[in-house]
Each structure stands twice: as C-alpha cells, then as structure tokens.
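Note sheet for the following structure.
Per chain, numbering begins at 1; letters A, B, ... match sequence-line order.
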Number of protein chains: 2
Amino acid sequence: MYRLLVVDDEAKIREVIKEYSEFNGYDVTEAEDGMTAVGLCKLNDYDLIIMDIMMPKLDGFSACKEIKKIKDIPIIMLSARTEEYDKLFGFELGIDDYVVKPFSPKELMARVQAVLARHNSAASSAPETPEEMEFGGLVINIAGRIVTVDGEKIDLTPKEYDLLFYLVENKNIALSRDKLLSDIWGYDFFGDDRTIDTHIKNLRNALGPYRDYIVTIRGVGYKFEI
Amino acid sequence: MYRLLVVDDEAKIREVIKEYSEFNGYDVTEAEDGMTAVGLCKLNDYDLIIMDIMMPKLDGFSACKEIKKIKDIPIIMLSARTEEYDKLFGFELGIDDYVVKPFSPKELMARVQAVLARHNSAASSAPETPEEMEFGGLVINIAGRIVTVDGEKIDLTPKEYDLLFYLVENKNIALSRDKLLSDIWGYDFFGDDRTIDTHIKNLRNALGPYRDYIVTIRGVGYKFEI
DNA sequence: GTTTTTTGTGAAGACATGTTGAAGAGAAAA
DNA sequence: TTTTCTCTTCAACATGTCTTCACAAAAAAC
C-alpha cells in the first residue's frame, strides 16, 4: 500500500484529498505546514507528497527543497497561482507534477497514479525505454548518451544528441519545426526555425552512412524514417 | 455559449447558482429532481451538469448513472454529506468534480470553468484520428505523411499531400474550388482557381490506378469518391 | 452540328524552401 | 580571465514546388 503525505493549511482541502486517496487505496497522513512535513519525512517513509505552495511557517518550495535533501520522494505541488514562474522554479527543485487550484479530485488522483507509476518503473529494473536502440549499424546508448556508427563512437554535441534522440523516439512521424523547437528547445525559445536546419545538417554529417535516416519533409520539417 | 443544467430540490440553491452562472456567461436550465434531469438530458444537449445528491424522486447518483448511459456530459456533484460513501460511489460513476455544501459560488464557478476547459481540450485533442487510412491499395499514413499505392511509396509534394488529405477527410462530399482554396491554401490566397486543376492533375497521375477516386464535378469542383 | 463553357494537360518562369559554410554570440571549461 | 566548444544567425546557392498560361479535349448549351 502506498503512503501519501498531504500538506496543506486548509483542512477542507486535506479532507477532500484524503477521502479520495483512501478510496483509491492509499494510506494518507496529513500535515498542515511545511515544517511539520519536513519533520515527518525525517522520521517516516512516504511514497508521494501532495503539497500546497502557500503555507504558514514553511512554504511549499522551501519544504520541497528540504525534503529533497533528506529523501528522494516524488512531490506533487498544489497552487492557486498560475504564473509560469512558479512552475519553472518548482520543477528545478525536482517537483514531479503540478496541479492548479481549484483542481478536480479525479484529475489529482490521475496524476498521483501517474507519478507513482513513473517513479516505480524508474526504480524497478523494468524500464520502458531500452538501454540501447539499434538501427542497422547505428546504435544509440541511452543511459550513456553515446552514439556509435558501425561500432565507431561519434561525437555529438548535447543538442545534436537531444535532436537525434527525439527524432528516434518519434520515428516515422513527421515532425514540424515548431514541434521540434518547442519539445527539444522548450516553449520559451524564441529563436529562428532555421536553427534546426543547421543542427540537422551537423547531425547528418555526424551520422555518416546513416545520414539518410533523417528525411526532410518539405514544407513541414523532418522525420527519422526506418 | 455553454449550457448548464442545474439540478437541486432547493430553489434557493438553484437560484444562487443560476445567478452566478449567468453572470459568467452561461445559459442555465433548472430542474428540481433527478428524474426531470434525466428526461431533459434525453431531449437536450448540455455542456455541464451541476447536481445535488440528495433529491426526491431520483437521487443524484442514480440520475448520474442514467445520464451517463445516454450522453457523456461532465457532472459536478453537490453534497451536504461528507461521508466517504457518497464520494466513492460518485467517483466510480464518472463524476468530474465534487463540491461540498456550503460552497462559495466563486469556487463553484472556478470548477465549472476548469471542468469545461478540461472536457473541451480532451475532446478536441483526442479525436479518432486513425494512424492510417486505406482505400483498396491506396494507403495514407497520416503521422508519417506517406502515401503508398499497392505497397509502393509515391512521392507527393506538400500541396499534393495536403490536397489528397483534405479530399479524403471530406470524402464523398462535393468540394468547390473556392472551398478547397480557402481551406487548403488559406483565406489569404488570391490566386487563380485553376491552380487547383493542375494540382489535381498531378495528384491523379501520382495515384496511378487509383486516379479515379478523384471525381470531377463539373461547374463545382472535385470530390474523393469511394 | 456548331458554339460556348468548362476541364485536362504540358511547359516555363516565378517563387519558396532546404542545404550549406562561415562567422559571431554565447556558454562552459580551464 | 582566457580558451574552447557549442549554438545561433545569416546569406548565397541549389533544388524543388507552385502558379500561370496557352492550347487541347470534353461536356453542355444552343
């Protein structure tokens, strides 16, 4: 049975979350401020923490920071504030998901389930993504971020590797420049579309005999075709 | 404009919800029991239902069950009872959100908005878009933008592909040149109608044995007939 | 059957897009 | 700070694509 820690200063919110969580078979502990939450984490083990940002004594971000120092427990943040800034800031601290108030219990539960599943599959030795991907003589070692061409290791810059990996992950799917930019560079990148072209060029050159795996789709973008 | 159905036996509650909803730009229909609500749902379309649990004739849970059989309308439940049992049951029946009385109208409105947004994005972002469309030996791979004729891949220019895809998407529908132009080329295209004819010609040639799927409708335009 | 209207087709110029090398800006490492 | 590596932008070039046009062919109207 999974153990959840629910941290919020509003009793009503805690109660709703607790009831839904218990219905879903989770064991719930409540805490009403960040300080208490940190203390509880020192002494007990939890599988997941659902925590509000705005709290007395110790806010959610600070509490998150402290907890992450002690143990690697997945954290879902609650917030009434929708500003992007919070999200970014939070994610850097290792937050696993983010739910904006008012949320529906159903949605929250779905996220809890997703985060737990993600964490478990990562911890257990049954990864969804294989260690390596092979396409003829092109081998991508994911854990090591190493790419070999006919057994020979090739040098790729970080962006080149990310681009290759993304293309391969979505092989046989036409990917627009827009999508590539927002998914690899991030939605906050406001540069030129054509940057991709240059990286594609460099990547193709690096792939040598396998350069043709990367297919241009005129008027759209690129795809990895196998 | 969104249409809400408010179901509660207390006129005062209905009135409050109606007032706030209309202020927020929603169109509201009232019903005072579950039986009436089910009847209304059979005959009308609503975007969201706000329903009390405790009602005469047919309680909220039973009504919810009945309505879900008919149509997939998001439902927000109201309840004065905080017992677990209520929530559990509701959860299983596919309730989208849950508000405990006494609630603040502001909170309820926020939830209405959230549920509507979620439902809409879910509906629009996950339509039944098959991976492939087949018409005899003509296969269109949508994700990869690849068209094969009797297993053989054919080369299509961007416009040719877009045109084919649009025709197929609207198969058996007569499409005027005007409509084709504005929907494929964009409303800001001020060129010649006859441009389409040339593309149709090229597309037909590319389709080889399946060229006759594209039918000319004299005086109007073209259609994909299957 | 002839004329008129509409569509089919091939060719060619105009246009748009992708490729590429180079260079400077920027970030990371020394 | 300096050096090195990476990323981004730019512009010239090559190539592919689109649009237009003129005429042929077909269908409809007279």
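On the nucleic acid side, DNA chain C has its first and last nucleotide under 4.0 Å of a heavy atom of chain A at C/dT17 to C/dG21, going 5' to 3'.
Taken over five-pair windows at either terminus, the axes of the helix from C/dG1-D/dC30 to C/dA30-D/dT1 are inclined to one another by 40° (rounded to 10 degrees).
Other residues, nucleotides and ligands place no more than 12 heavy atoms under 6.0 Å from the NZ atom of A/K57. Within 6.0 Å of the CD atom in A/E32, the count of heavy atoms belonging to other residues, nucleotides or ligands does not exceed 12. Heavy-atom neighbours of A/Q113 CD from other residues, nucleotides or ligands within 6.0 Å: at or below the threshold of 12.
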A/V38 and A/I70: CA distance, side-chain angles, deciding distance, side chain to side chain contact (heavy atoms under 4.5 Å, CB included) verdict
CA-CA 9 Å; A/V38 175; A/I70 306 166; 4.1 Å; yes

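Classification of the B/F165-B/Y161 ring pair by plane angle, with boundaries at 30° and 60°, yields parallel.
The salt bridge (charged side-chain N to carboxylate O under 4.0 Å, His left out) with B/R3 is formed by just one residue from the set B/D47, B/D27, B/D45; it is B/D27.
Residues B/V149 and B/Y210 form a side-chain contact, since some pair of their non-hydrogen atoms from C-beta on lies under 4.5 Å apart. Taking 4.5 Å as the limit, every side-chain heavy atom of A/V220 sits out of range of all side-chain heavy atoms of B/P158.
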I'd like to compare against my own output: the B/S/- annotation of nucleotides 16-30 of chain D with a strict under-4.0 Å heavy-atom distance to protein.
SSSBB-----BSS--

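With salt bridges taken as basic N to acidic carboxylate O contacts below 4.0 Å, one links A/R145 and A/D162.
When heavy atoms are screened at a 4.0 angstrom cut-off, A/Y222 is found touching the sugar-phosphate backbone but no base atom.
Distance check, rounded to the nearest 0.5 Å: CG of A/N24 to CG of A/L4 gives 9.5 Å.
In this entry the distance linking CD1 of A/I200 with P of D/dT8 reads 13 Å, nearest Å.
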